[in-house]
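Below is one structure, written out as structure tokens, with a few remarks after it.
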Amino acid sequence: MRSNRATIRAGVSMAATLPMIAGALALGMPAAHAADSPARAVLKGTKPLWATARADKGATPDSARVKARVYLAGRDAAGLAAYAKAVSDPASPLYGKYLSAKKVQARFGATKTQVAAVKSWLTSAGLTVTAVTPRYVAVSGDVAAAEKAFGTQLHDFAKGSKTYRAPAATASAPASLKGAVLTVTGLDSAPHKARHADQLPPPDAVFKSSGPFSSYYGSKLATTLPDAYGGKIPYAVKGYTGKQLRAAYGAGTYTGRGVRVAITDAYASPTIAYDAATYAAKNGDAAWKTGQLHQVLPKNYTKTEECGAAGWYGEETLDVEAAHAVAPNAEVTYVGAASCYDDDLLDSLGKIVDDHLADIVSNSWGDIEANQTPDLAAAYDQVFQLGAVQGIGFYFSSGDNGDEVANTGTKQVDTPANSAWVTAVGGTSLAVGKGEKYLWETGWGTQKASLSADGKTWENFPGAFTSGAGGGTSATVAQPYYQKGVVPDSLAKANNAAGNRVVPDIAAIADPNTGFLVGQTQTFPDGTEQYSEYRIGGTSLAAPVIAAVQALAQEARGGAPLGFANPAIYAKYGKQGVYHDVTDNPTGSGLAVARVDFANGLDATGGLLYSARSLGRDSSLSAVKGYDDVTGVGSPANGYVQSFRRH
């Protein structure tokens with residue numbers, strides 16, 4: 001069973017990650033006729049794997065309510081995928097020949113006849129149509145009507161200690177609608193109700209980073225703490241700022257002028273405009289211009305407690321401030337989802353595509369691949385393809401739990417980063433030295449050893465794995481053409497001889513121990529809400545940084561959109577000066593930083609916690625010479641942005 005919820009990807013200075021929540025999926029296709037029912041067209045992937053005969057607890061009552069979405073395949077699903085590929089491939093004569101949102105709908109969208117036929121089918125079964133969008137028809141009704149419409153009984157199934165409703169057999173649509181229906185979602189569900197007028201909560205409790213700090217990597221050695229790797233180690237940086245990140249990733253004179261970047265998360269920070277403006281003023285970033293920061297928000301929010309709404313404020317704040325720090329003249333549009341559930345996140349992505357709100361979309365949320373289902377995979381990939389045809393590229397953080405074994409017990413990648421139609425962004429530990437000089441990067445992977453009681457040693461050094469950039473080989477998504485010849489067979493064919501998608505594609509700073517300084521209004525112990533700053537990381541940081549670098553590259557290209565960037569990213573692999581080839585051992589010896597944390601997250605009254613954080617130790621994943629499953633092709637070097645210039 002999918003969690004139905006998305007997880008935020010931010011690692012704060014106190015813990016390595018901020019847990020949060022969502023979902024996504026793999027590649028699904030409209031199905032052919034069912035072999036035993038010529039009058040129906042099977043909708044593959046709509047019966048969950050956990051809905052087994054052993055778990056079956058009997059029929060769901062006919063009167064129980066169902067909310068579902070029937071996603072429309074459009075008039076030419078195969079043509080959409082083909083055009084999305086051609087328009088994104090630098091080797092194709094159609095490269096960069098994007099279509100407007102209106103032309104996309106006219107060429108690939110569902111026809112009025114198809115929509116009318118779908119509505120007629122659903123209403124004739126007794127369902128009520130509650131919404132019609134360019135991508136889906138939403139319906140509600142009782143179980144009896146849903147069973148009639150989708151040709152399957154709905155039963156209750158045990159899964160662990162919970163009981164969920166799901167189709168007892170794969171759902172289907174009338175054969176007359178074959179080719180018109182992509183999939184249906186919502187027939188299986190977790191037992192909770194959405195509240196339609198939730199109020200957003202106040203900001204989370206305050207968190208502050210404790211010093212001592214380095215102002216740049218290595219500027220302050222921990223001379224009073226034990227040695228590690230044969231010598232004194234530096235204190236963690238206070239948090240890099242825009243000037244340092246721009247220098248590290250070759251921004252040059254580009255600022256993202258004229259480029260539109262969108263950011264999706266759940267909910268909306270009530271203090272984002274104030275926080276972003278204050279942060280820019282305090283940390284040397286260009287001031288926000290009037291109208292440069294936009295918000296597109298839903299009318300109502302749901303599941304605020306379940307999704308931890310206030311926790312998403314920090315994610316939004318990080319994404320907005322990091323994007324502006326690296327691309328200070330880009331327009332930023334924040335598109336908030338009504339909750340952390342797939343339907344709402346898909347609506348946010350769809351809004352960007354339908355109205356072409358931006359050319360570059362940063363997304364710092366996801367779920368594990370084991371929770372993906374083909375029905376929602378199809379819905380996500382359709383949005384990504386519709387975006388690609390318009391010149392819109394989607395960037396997803398690869399995850400913060402390395403190979404996911406420590407987190408889930410199973411080696412796997414995250415999703416939607418596993419989609420063949422998005423750019424998966426991995427993470428690094430970044431060393432920026434004096435004068436904003438780029439020193440090196442390792443793959444982000446952290447082992448933590450705490451200071452012994454007598455202060456003389458690091459206990460069990462280098463300690464246990466805490467967090468690291470997500471990556472690895474998908475179990476469900478086939479190898480995309482652009483990875484062939486770059487991704488080693490040892491990775492691509494790890495799960496089968498035909499080859500699979502490997503994550504990530506590119507990488508940037510993510511390690512919270514070499515992280516980014518962020519400013520946010522938080523709730524202090526006395527109940528007041530005050531602006532404060534702290535260090536943060538996670539691939540939640542890497543995604544907006546890469547999105548901002550892409551904005552610089554688009555400006556360098558004369559403003560022409562980069563669209564779905566993976567074919568271009570891989571085409572540049574191996575060219576001199578384009579990428580930093582990130583490895584786990586860039587200096588030839590072990591690397592670590594000393595970190596001091598407030599035990600209570602606020603001040604020294606609760607005591608201080610000392611630890612040594614070893615770098616470049618990402619679970620079973622390794623950053624090696626060439627492409628790897630921690631950093632992809634590497635991080636942008638000085639020649640990356642320049643490589644997009646039109647000569």
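It should be emphasised that the depicted structure is a prediction, and the values quoted were computed from it without experimental measurement.
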Please confirm whether the backbone N or O of [Y] pairs with a side-chain atom of [X], one donor and one acceptor, at under 3.5 Å?
| X | Y | result |
| --- | --- | --- |
| Ser398 | Val425 | yes |
| Gln382 | Leu72 | yes |
| Arg617 | Phe465 | no |
| Asp400 | Thr539 | yes |
| Gln447 | Gly463 | yes |
| Tyr249 | Val326 | no |
| Thr46 | Ala171 | yes |
| Gln390 | His356 | no |
| Asp265 | Ile263 | no |
| Thr473 | Leu491 | yes |

Review point. Mind checking whether Tyr380 and Tyr71 have ring centres under 6.0 Å apart?
Key: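 No, the ring of Tyr380 stays outside the 6.0 Å limit from the ring of Tyr71, centre to centre.
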Considering only heavy atoms from C-beta outward, does the side chain of [X] approach that of [Y] to under 4.5 Å?
| X | Y | answer |
| --- | --- | --- |
| Tyr640 | Lys575 | no |
| Asp414 | Val503 | no |
| Thr185 | Tyr136 | no |
| Phe516 | Val545 | no |
| Thr514 | Glu441 | no |
| Phe384 | Phe396 | yes |
| Leu386 | Leu80 | yes |
| Pro416 | Trp421 | no |

Measure the [atom1]-[atom2] distance between [X] and [Y] for me, rounded to the nearest 0.5 Å.
| X | Y | atom1 | atom2 | answer |
| --- | --- | --- | --- | --- |
| Arg135 | Leu346 | CZ | CG | 8.0 Å |
| Asn513 | Ser611 | CG | OG | 7.5 Å |
| Asp375 | Thr183 | CG | OG1 | 4.5 Å |
| Leu621 | Lys411 | CG | NZ | 6.0 Å |
| Asp359 | Gln554 | CG | CD | 4.5 Å |
| Ser364 | Leu541 | OG | CG | 8.5 Å |

Practice item. State whether the number of non-hydrogen atoms from other residues, nucleotides or ligands found under 6.0 Å of Lys47 atom NZ is greater than 12. Key: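 Yes, enclosed.
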Practice item. Taking atom CG of Asn496 as the centre, report whether more than 12 heavy atoms of other residues, nucleotides or ligands fall under 6.0 Å from it. Key: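 Counting other residues, nucleotides and ligands, CG of Asn496 exceeds 12 neighbours.
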Review point. Do Asp581 and Lys625 pass the side-chain contact (heavy atoms from CB on, under 4.5 Å) test, and can you show the C-alpha distance, the side-chain angles, and the key distance before you say yes or no?
Key: CA-CA 6 Å; Asp581 188 1; Lys625 187 174 177 59; 3.5 Å; yes
Of the non-hydrogen atoms in [X] and [Y], which two are nearest, and what is the gap between them?
| X | Y | answer |
| --- | --- | --- |
| Arg69 | Asp343 | NH1-O, 3.2 Å |
| Tyr217 | Ala431 | CG-CB, 3.7 Å |
| Asn418 | Ser474 | ND2-OG, 4.3 Å |
| Gly577 | Ala637 | O-CB, 3.5 Å |
| Pro504 | Gly470 | CD-O, 4.2 Å |
| Tyr395 | Gly563 | OH-O, 4.1 Å |

Check your understanding: Which word best sums up how the rings of Tyr482 and Phe564 line up, parallel for under 30°, tilted for 30 to 60°, or perpendicular for over 60°?
Key ->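 Taking Phe564 first and then Tyr482, their aromatic rings stand perpendicular (interplane angle over 60°).
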Review point. What class does the angle between the rings of Tyr83 and Phe108 fall in, given that below 30° is parallel, 30 to 60° is tilted and above 60° is perpendicular?
Key: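 Correct class here is tilted.
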Exercise for review: Output, in order, the C-alpha distance, side-chain angles, deciding distance and verdict of side-chain contact (heavy atoms from CB on, under 4.5 Å) for Thr408 and Asn401.
Suggested key: CA-CA 9 Å; Thr408 69; Asn401 295 305; over 6 Å; no
[X] and [Y]: side chain donor to acceptor below 3.5 Å:
| X | Y | answer |
| --- | --- | --- |
| Ser620 | Asp403 | yes |
| Thr466 | Lys448 | no |
| Trp365 | Thr264 | yes |
| Asp347 | Tyr341 | no |
| Thr442 | Asp584 | no |
| Thr423 | Asn566 | yes |

Point to revise | Any residue meeting side-chain contact (heavy atoms from CB on, under 4.5 Å) with Thr52, in chain and number order, not counting sequence neighbours | key: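 Counting only residues at least two positions away or on another chain, Thr52 forms a side-chain contact (heavy atoms from CB on, under 4.5 Å) with Arg54, Ala55.
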Review point. Taking it one step at a time, do Val624 and Thr583 satisfy side-chain contact (heavy atoms from CB on, under 4.5 Å)?
Key: CA-CA 5 Å; Val624 299; Thr583 66; 5.6 Å; no
Review point. Stepwise, does the side chain to side chain donor-acceptor pair (under 3.5 Å) test hold for Ser419 with Asp381?
Key: CA-CA 7 Å; Ser419 169; Asp381 282 337; 2.6 Å; yes
Point to revise | Partner set under salt bridge (charged side-chain N to carboxylate O under 4.0 Å, His left out) for Arg501, not counting sequence neighbours | key: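 If we apply the salt bridge (charged side-chain N to carboxylate O under 4.0 Å, His left out) test to Arg501, skipping adjacent residues, the hits are Asp505.
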Point to revise | salt bridge (Lys or Arg N to Asp or Glu O under 4.0 Å) between Lys159 and Asp188, intermediate numbers included | key: CA-CA 12 Å; Lys159 184 177 186 292; Asp188 68 87; over 6 Å; no
Point to revise | Working for side-chain contact (heavy atoms from CB on, under 4.5 Å), residues Leu349 and Asn363 | key: CA-CA 9 Å; Leu349 296 170; Asn363 310 272; 3.4 Å; yes
